[in-house]
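Worth saying up front: this structure is predicted, and the values here are computed from it rather than measured. Both backbone and side-chain heavy atoms feed into the values below; hydrogens, waters and symmetry mates do not. Numbers here simply count residues along the sequence, with the first being 1.
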Amino acid sequence: MKFELQHNDTKTNARAGLITTDHGVIETPIFMPVGTQGTVKGVHMTELKEDIKAQIILGNTYHLYLRPGLEILKKAGGLHKFNTWDRPILTDSGGFQVFSLSDNRKLHEEGAEFRSHIDGSKHLFTPEKVMDIQRIIGADIIMAFDECCPGDADYDYAKKSLGLTERWLDRCFARFNSTDPKYGYQQCLFPIVQGCVYPDLRRRAAENIAEKGADGNAIGGLAVGEPTEKMYEMIEVVNDILPKDKPRYLMGVGTPINLLEAIERGVDMFDCIMPTRNGRNGQIFTQYGTINLRNKKWEDDFSPIDPAANSYVDTLYSKAYLHHLIKANEMLGLQIASVHNLAFYLWLVKEARKHIIAGDFATWKGMMVGQLGNRL
């Protein structure tokens, strides 16, 4: 993988760059739609490519390991062929999913034992096994196996957790470097900075990871319960240390405002379930604020969903029609809202990139943050 840093904003730490993989080029900053189980919920691949204009999507190790399973993925020739997505894919290692199974998992030095949320069967994820699984899935970018520390963890727990994550990281690199890709194209491994909300732990983690010389680096364990301002502080601490010539990926974040604040602080890559999850609950994002289409006020509003028209659905359907579909719990309504939100998120990062290159990012970002916080 190659990263080319093209522009640095003169007033902030915002950057614009290009990531080149064997499945295509990614313009940064970039938002990556989440396709946890090999699909972005409710969205066709054609819509992702041609309308939403996604450049890279995610899959998840935990979910794909359990279903459809590794044998099916091997027979298919990897996730790209299985789901027909011919652009880059990133896989999360499953660390966050194991974290979320707190009542059904047990952590120890060897790895994480957990029970499947599908059938209750018992499994063990070790750093080595997670590398092997991600080789089989075949993503272009794969993530190290880590423990995602709760946002409200005390210092002693966070320090112990980071130590485990760092030892697991060494094992991830050892396994990754001793194995080869399975499908004829290259894969790269991103380590993950942990350390909860404690600056000294975050600095230690970032310094350790910076020495690894990986193709890119991720920031994890944020947006998991800590105050938003603390999240921004940790991003600043980490990005002061992580190499500037490698892409930085903030995992699982977030709202449109979160994205702009993190871009200002030097983050290049994002993912989050918010556009699709909130869309399925009737909330859509626009550049002038959020709209809850379940509210009665939209019942007879026959104006377009969004006149900005970042997606074909924005002018094809009215707010009144989408309100009706969502209130009726029709599947089409959830699909329309998801497509709109994803197209908006991709528009937002593309606009950020444009303004970074133009040299007026700080001014544009200030205006956008003022608008995005509105409830329409």
Side-chain angles (χ1 to χ4, degrees), residues 1-3 18-27 30 32-98 116-119 121 123-145 172-190 214-216 218 247 249 251 269 271 273 276 342:
M1 194 192 81
K2 177 185 174 185
F3 179 61
L18 290 177
I19 299 171
T20 302
T21 75
D22 286 350
H23 279 102
V25 176
I26 304 158
E27 296 181 336
I30 192 64
M32 304 178 283
V34 177
T36 301
Q37 301 190 83
T39 175
V40 177
K41 289 185 185 299
V43 180
H44 290 289
M45 293 300 178
T46 300
E47 290 174 310
L48 274 173
K49 292 178 186 178
E50 298 179 6
D51 184 58
I52 295 166
K53 296 180 173 57
Q55 299 177 41
I56 175 173
I57 63 172
L58 267 68
N60 181 262
T61 295
Y62 166 84
H63 288 281
L64 293 169
Y65 162 79
L66 292 176
R67 188 169 52 194
L70 302 184
E71 288 305 312
I72 296 297
L73 289 167
K74 278 194 287 190
K75 287 180 181 178
L79 183 58
H80 286 92
K81 290 188 176 178
F82 188 54
N83 70 0
T84 74
W85 179 256
D86 59 4
R87 295 179 183 178
I89 294 176
L90 181 150
T91 41
D92 184 1
S93 68
F96 179 79
Q97 283 66 38
V98 172
S116 164
H117 71 285
I118 299 170
D119 60 11
S121 57
H123 302 270
L124 172 66
F125 270 9
T126 65
E128 294 81 8
K129 184 171 183 177
V130 168
M131 293 298 97
D132 294 345
I133 294 169
Q134 290 185 90
R135 286 294 199 193
I136 291 169
I137 295 171
D140 301 86
I141 301 171
I142 73 175
M143 305 306 297
F145 190 53
C172 285
F173 269 106
R175 186 63 154 221
F176 179 79
N177 291 332
S178 64
T179 57
D180 295 318
K182 294 187 175 296
Y183 307 115
Y185 54 85
Q186 291 300 309
Q187 296 175 286
C188 62
L189 172 62
F190 280 23
D215 290 318
Y249 163 34
M251 305 180 73
M269 304 168 70
D271 80 284
I273 62 172
T276 48
L342 287 172

Enquirer: Say you draw a straight line from OG1 of T84 to NE2 of H44; how long is it, rounded to the nearest 0.5 Å?
Expert: 11.0 Å
Enquirer: Would L58 and T36 satisfy side-chain contact (heavy atoms from CB on, under 4.5 Å), going step by step from the backbone distance to the final call?
Expert: CA-CA 6 Å; L58 267 68; T36 301; over 6 Å; no
Enquirer: Counting N and O atoms only, with roles assigned by atom type, does the side chain of T21 sit under 3.5 Å from a partner on the main chain of P88, one being a donor and the other an acceptor?
Expert: no
Enquirer: Can a donor-acceptor pair be found, under 3.5 Å and without considering hydrogens, that links the side chain of T61 to the backbone of D92?
Expert: yes
Enquirer: Working to the nearest 0.5 Å, report the span between OG1 of T46 and CD1 of I52.
Expert: 10.5 Å
Enquirer: Checking D22 side chain against Q186 main chain: does a donor-acceptor pair fall under 3.5 Å?
Expert: yes
Enquirer: Within the structure provided, determine whether Y249 and L90 are in side-chain contact (heavy-atom separation under 4.5 Å).
Expert: yes
Enquirer: Has the side chain of K75 got a donor or acceptor atom that lies under 3.5 Å from a matching backbone atom of I72?
Expert: no
Enquirer: For the CD1 atom of I141 and the OG1 atom of T91, what is their distance to the nearest 0.5 Å?
Expert: 9.0 Å
Enquirer: Within the distance-only criterion (no hydrogens, no angle test), does the side chain of T276 pair as donor or acceptor with the backbone N or O of I273 below 3.5 angstrom?
Expert: yes
Enquirer: Search all heavy atoms of Q187 against all heavy atoms of A139 and return the closest pair with its distance.
Expert: NE2-O, 2.9 Å
Enquirer: Got P33 and V43 here, is their nearest side-chain heavy-atom distance under 4.5 Å?
Expert: no
Enquirer: Is the shortest heavy-atom distance from the side chain of F190 to the side chain of I142 under 4.5 Å?
Expert: no
Enquirer: Once the angle between the rings of H23 and H80 is folded into 0 to 90°, is it parallel (under 30°), tilted (30 to 60°) or perpendicular (over 60°)?
Expert: parallel
Enquirer: For the backbone of M143 and the side chain of Q134, can you confirm whether one donor and one acceptor N or O come within less than 3.5 Å of each other?
Expert: yes
Enquirer: With a 4.5 Å cut-off on side-chain heavy atoms, are D271 and M251 touching?
Expert: yes
Enquirer: In Å and rounded to the nearest 0.5 Å, what is the OG1 to NZ distance from T20 to K2?
Expert: 6.0 Å
Enquirer: If you compare all heavy atoms of L79 against all heavy atoms of G38, which two are closest, and at what distance to 0.1 Å?
Expert: CD1-CA, 4.1 Å
Enquirer: List the steps and the verdict of side-chain contact (heavy atoms from CB on, under 4.5 Å) for I19 and V25.
Expert: CA-CA 6 Å; I19 299 171; V25 176; over 6 Å; no
Enquirer: Does the ring centre of H123 sit less than 6.0 Å away from the ring centre of Y62?
Expert: no
Enquirer: Which pair of heavy atoms, one from I56 and one from W85, lies closest together, and at what distance?
Expert: N-CZ2, 4.2 Å
Enquirer: Distance-only, no hydrogens or angles: does the Y183 side chain make a donor-acceptor pair with backbone N or O of I136 under 3.5 Å?
Expert: yes
Enquirer: Is P127 close to F173 at the side-chain level, that is, under 4.5 Å between some pair of heavy atoms?
Expert: no
Enquirer: More than 12 heavy atoms of other residues, nucleotides or ligands under 6.0 Å from NZ of K81: yes or no?
Expert: no
Enquirer: If you apply the rule side-chain contact (heavy atoms from CB on, under 4.5 Å), what do you find for K49 with D86, and how did you get there?
Expert: CA-CA 10 Å; K49 292 178 186 178; D86 59 4; 3.2 Å; yes
Enquirer: Do E50 side-chain atoms and E47 backbone N/O form a donor-acceptor pair below 3.5 Å?
Expert: no
Enquirer: Would you mind listing every salt bridge (Lys or Arg N to Asp or Glu O under 4.0 Å) that reaches into residues 128-142, with sequence neighbours excluded?
Expert: E128-R171, D132-R175
Enquirer: Considering non-hydrogen atoms only, spot the tightest contact between G94 and F145 and give its length.
Expert: C-CE1, 4.4 Å
Enquirer: Hey, does L189 have a side-chain heavy atom less than 4.5 Å from the side chain of M131?
Expert: yes
Enquirer: Contact between L48 and I57 at the side-chain level, heavy atoms closer than 4.5 Å - yes or no?
Expert: yes
Enquirer: Are any of the side-chain heavy atoms of Q37 and N60 separated by less than 4.5 Å?
Expert: no
Enquirer: I need the I26 CD1 to R87 CZ distance, nearest 0.5 Å.
Expert: 10.5 Å
Enquirer: Measure from the side-chain N and O atoms of Q55 to the backbone N and O of I30, and report whether any donor-acceptor pair falls under 3.5 Å.
Expert: no
